[in-house]
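Reading through the structure tokens given below for one structure.
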Amino acid sequence: MKKKLIKLLANSTLIQNFVDRPSPKWMVFLADLLLIGFSCALTLAFGMHNTYGDSFIYTPLSRAIVEFVVYAVLTLALGTSRYIIRLSVIEDTYRLVMLIVAASALLSMVSLVTFVTLGFFYFSFWNIFIIGVMSFTLMLLMRLSIKYLYITMAGVGQKKKRIIVLGSAINSFFLASALKSEFEGRYDPVALLSLASKNSDQTVNGIPVVAYDPNTVKEVFEFYKCDTLLFLSTQLELMRSGTADIFLQHRIKLLMLNQVEEFDTNSKSMPNLSTHVHDIRIEDLLGREPIRTVNTNIRSVIHGQVVLISGAAGSIGSEIVRQVAALDASEIVLLDQAETPMHDMQLELESTFPDMKIHLFIGDVANRDRMEHAFQKYRPRYVFHAAAYKHVPMMERNPAEAVMTNVFGTKNMADLSVKYGVEKFVMVSTDKAVNPTNVMGASKRIAEIYVQSLFFHMRRNSDRVSTRFITTRFGNVLGSNGSVIPLFRKQIEQGGPVTITHRDIIRYFMTIPEACSLVLEAGVMGSGGEIFVFDMGQPVKIWDLAHRMISLSGLRPGEDIEVIETGLRPGEKLYEELLNEKEHTIATHHKKIMIARVRAYEYNDVQSHLERLRECLYRGGGHDIVAEMKHIVPEFKSNNSIWQQVDSEIAVSHDDKDDIREIDPGMVNRVLATE
């Protein structure tokens, strides 16, 4: 009968409003005043006041009124009604104690003054004590009753998922308490898993505290009949250190709360913490301490400038757009040939940066005339060149397109930057350009060679260089379009199998915002001719990555979803090159950012080879295109590809084509050291 009554009340509109909205502050304040007034009235009714004269000021009623006024003023001053009762019992209790102590002290002082001046105590100390105890007890009981009623109503008819919250510190306790009392919440915290305490006999606000032991994790979750752990984003480093794998081994699902937000007590509705809880992603566990850019001049450099970003609809380009917009550029030119992603980008920018002047320019960087129209019309001061074809197997099959876009598209953008007086040209490259084993990596290396040789050519032939060319090399970007993580995620959703090319393949990963911050840092830090690389941390074994992602989905690798090897794809490397070895880099003022030591070639020789490459494009033969690429980049050795035959031909032939001469390394080092 009691449960039916509670369920009936819970479904009523009045109760729905009660649980959905925090109690108005004025209502709590009024309730406190009524309880204080009731306490004063009781002391008056039980004759706890003495009468010392005929004047009204000395009567028991006047004393009760003075006590009430003192408590009312201090209640308002200390803000005891300011907090959301259901979420802040500890803070409320602290405030109530402060109220009682302050009121009792003030009344005692008044009583001592009257004793010294008039010879009697205006308030008896016994009366002061009684009214303090009664007021505190009644106000605290009111708060606990409201909280209990709210939790009772919130739990009726709700099927919440049982979870254990990681940690027993104040933030974890707060999180567990708040989730437990949410009316429309999705989670029911049944325990706190303490990392510090070894004592499992504690409870906090009715929630048991269990000591964490890697050897008993499975038993703890079975005992509490739950299979989910919730932790705060502040505990992410602990999870990355290997703790997450302990839970995943036992098929325990991991949830993360981004942050415990400040609650707005003026809000008309209750905040819902459940909406801020999300499944932990592989990106969260692969991450590391992000590389912070330290150049404080980035905003001052970008602010008020016209910035052109090619490949603006891609993973890297779109994030560069967002960061440049946040730095208050006067105008941003978005250049890309993908119309639908460009439209989506426009809608996002109009929503996020409504006052920003945005220009959408549809065009292919390989189209020189179209690109010249963009430069002529908008006259950018800074160019961030992120447009490129990046998929290794696709470019291995289509070398002409890789060369047309990655090489000659970059050449068009670089030449036009010089022609129209661009101050800095920042090119996005890849670590696959290092000792390339595929057409894509080689095409990016040729683009690097061209822009660097162009800069040093201008540097040698003019005292004043108008355009400074800077290159940044990236590794694999977490979650970018076409990367391995979205592919694995899709395969897992489809029930598998998860395909991996080789169980020993490793890769370095970085986040998209981190990569784009480096691009902007390079745009400010670079003086021209540099190829910036950075410390990417420890490599990740893709085989382990696949198993981890399956476990994160609550499935068991090899049982629920198979992981199979398909063999290396054409042009694919087993191991990426390390770019942060001291003998291959020059240090910068940022400990994570370095300048790669690479050969810089003579511009005229590079031009001659590019003309030969263009002729190969016109003839349309993939064999000749790849052969010429290998002449430009001698370290380009095809791997697991049909173009390996070209390596054999070059090795046995006596080619009469001129090699590209290297610029005096001493001259390059002097320029990089003095700029």
>> Evaluate M594 against E530 for side-chain contact (heavy atoms from CB on, under 4.5 Å), listing each step before the verdict.
In response: CA-CA 9 Å; M594 293 143 283; E530 304 98 335; over 6 Å; no
> side-chain contact (heavy atoms from CB on, under 4.5 Å) between H303 and L327: does it pass, once the steps are laid out?
Replying inline: CA-CA 6 Å; H303 177 78; L327 294 170; over 6 Å; no
>> Is there a side-chain contact (heavy atoms from CB on, under 4.5 Å) between F488 and L545? Walk through the geometry before answering.
In response: CA-CA 9 Å; F488 285 174; L545 170 67; 4.3 Å; yes
>> Under the criterion side-chain contact (heavy atoms from CB on, under 4.5 Å), I'd like the reasoning laid out for K432 against K390: C-alpha separation, chi angles, the key distance, then a yes or no.
In response: CA-CA 10 Å; K432 291 178 176 62; K390 65 178 184 178; over 6 Å; no
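Applying the side chain to side chain contact (heavy atoms under 4.5 Å, CB included) rule to D544 yields the partners K541; only residues at least two apart in sequence or on another chain are considered. Not a single salt bridge (charged side-chain N to carboxylate O under 4.0 Å, His left out) links E350 to another residue, sequence neighbours left out. Evaluation of the salt bridge (charged side-chain N to carboxylate O under 4.0 Å, His left out) rule for E339 yields no partner, not counting sequence neighbours. When the side chain to side chain contact (heavy atoms under 4.5 Å, CB included) test is applied to H343, the partners found at least two apart in sequence or on another chain are Q346, L347. Looking at residues two or more places apart in sequence or on another chain, you find no salt bridge (charged side-chain N to carboxylate O under 4.0 Å, His left out) involving E615. By the salt bridge (charged side-chain N to carboxylate O under 4.0 Å, His left out) test, E319 pairs with R322, sequence neighbours left out.
For the pair K637/T437, no side-chain contact is recorded, criterion being any heavy-atom separation below 4.5 Å from C-beta on. Under the 4.5 Å side-chain criterion, counting only non-hydrogen atoms from C-beta, E448 is in contact with R473. Counting only heavy atoms from C-beta outward, the side chains of D431 and V533 never approach each other to under 4.5 Å. Taking 4.5 Å as the limit, every side-chain heavy atom of V498 sits out of range of all side-chain heavy atoms of E562. Using a 4.5 Å cut-off on side-chain heavy atoms (C-beta onward), N639 and N438 make no contact. Counting only heavy atoms from C-beta outward, the side chains of M345 and D336 never approach each other to under 4.5 Å. Between L613 and V403, some side-chain heavy-atom pair lies under the 4.5 Å cut-off. I492 is listed as a side-chain neighbour of I561, based on a closest heavy-atom distance under 4.5 Å.
Considering CD1 of I358 and CZ of F353, their distance stands at 8.5 Å, rounded to 0.5 Å. L308 contributes atom CG, which lies 5.5 Å from atom CG of L335 (distance to the nearest 0.5 angstrom). In this structure, NZ on K357 lies 15.5 Å from CG on L349, to the nearest 0.5 angstrom. To the nearest 0.5 Å, atoms CG (N398) and CE (M404) are separated by 12.0 Å. Expressed to the nearest 0.5 Å, how far CE of M440 lies from OG1 of T405 amounts to 13.0 Å. Of the inter-residue distances, the one linking I446 atom CD1 with I632 atom CD1 reads 4.0 Å to the nearest 0.5 angstrom.
Each of I316, T472, I309 was checked for a side-chain contact (heavy atoms from CB on, under 4.5 Å) with F384, and the lone residue meeting it is I309. Between F469 and the choices K424, M458, Q452, M427, the side-chain contact (heavy atoms from CB on, under 4.5 Å) rule is met once, by M458. The residue from T410, N406, T430 that alone fulfils the side-chain hydrogen bond (donor to acceptor under 3.5 Å, both in side chains) condition with S443 is N406. Screening H631, R614, E628 for a side-chain hydrogen bond (donor to acceptor under 3.5 Å, both in side chains) involving H609 leaves a single residue, E628.
Residues N461 and Y603 bring no donor and acceptor atom of their side chains to less than 3.5 Å of each other. Judged purely by distance below 3.5 Å, without hydrogens or angles, the side chains of H623 and Q645 never pair a donor atom with an acceptor atom. Side chains of S638 and K630: a donor-acceptor N/O pair is present below 3.5 angstrom, by distance only. Using modelled atom types and a 3.5 Å distance limit, the side chains of Q491 and T499 yield a donor-acceptor pair.
For S330 against G304, the heavy-atom pair with the smallest separation is OG-O, 3.1 Å. For the residue pair S417 and V383, the shortest heavy atom distance occurs at OG-CG2, 4.0 Å. Here the closest heavy-atom approach between residue E401 and residue Y389 is recorded as O-CD1, 3.6 Å. Closest of all the heavy-atom pairs between Q323 and P513 is NE2-O, 3.1 Å. The heavy-atom pair separating Q644 from N640 by the smallest distance is OE1-N, 3.3 Å. The two residues M395 and A402 come nearest to each other via the heavy atoms SD-CB, 3.6 Å.
In this structure, the side chain of R381 does not engage the main chain of G421 through any donor-acceptor pair within 3.5 Å. Side-chain atoms of T467 come within 3.5 Å of backbone N or O of V422 as a donor-acceptor pair. Under a 3.5 Å cut-off, the side chain of E372 and the backbone N or O of L416 do not form any donor-acceptor pair. Panel note: side chain H391, backbone P393; no donor-acceptor pair is recorded below 3.5 Å. Formation of a donor-acceptor pair under 3.5 Å by the S310 side chain with backbone atoms of A386 is found in this model. Distance alone, capped at 3.5 Å, places no donor-acceptor pair between the Q305 side chain and the I302 backbone. The main-chain N or O of V626 is never found under 3.5 Å from a side-chain atom of W643 such that the two would form a donor-acceptor pair. For S453 (side chain) and Y450 (main-chain N/O), a donor-acceptor pair under 3.5 Å exists by modelled atom type. Using a distance-only test at 3.5 Å, with no hydrogens or angles considered, a donor-acceptor pair links the side chain of N412 to the main chain of A366.
Below 30°, between 30° and 60°, or above 60°: for W543 and H547 the angle between ring planes is between 30° and 60°, a tilted geometry. Ring-plane geometry between Y378 and F361 is classed as perpendicular, the angle between the planes exceeding 60 degrees on a 0 to 90 degree scale with a lower cut at 30.
Checked for salt-bridge contact, D364 and R370 miss the test: no charged N lies under 4.0 Å from a carboxylate O. Under a 4.0 Å N-O distance rule, the pair E331/R379 does not qualify as a salt bridge. A salt bridge is defined here as a Lys NZ or Arg NE, NH1 or NH2 lying under 4.0 Å from an Asp or Glu carboxylate O, and E493 with K490 fails to meet this definition.
For M356, the CE atom is densely surrounded, since the number of other residues' heavy atoms within 6.0 Å is greater than 12.
A cation-pi geometry, defined here as NZ or CZ lying under 6.0 Å from the six-membered ring centre and within 45° of its normal, does not hold between R468 and F425.
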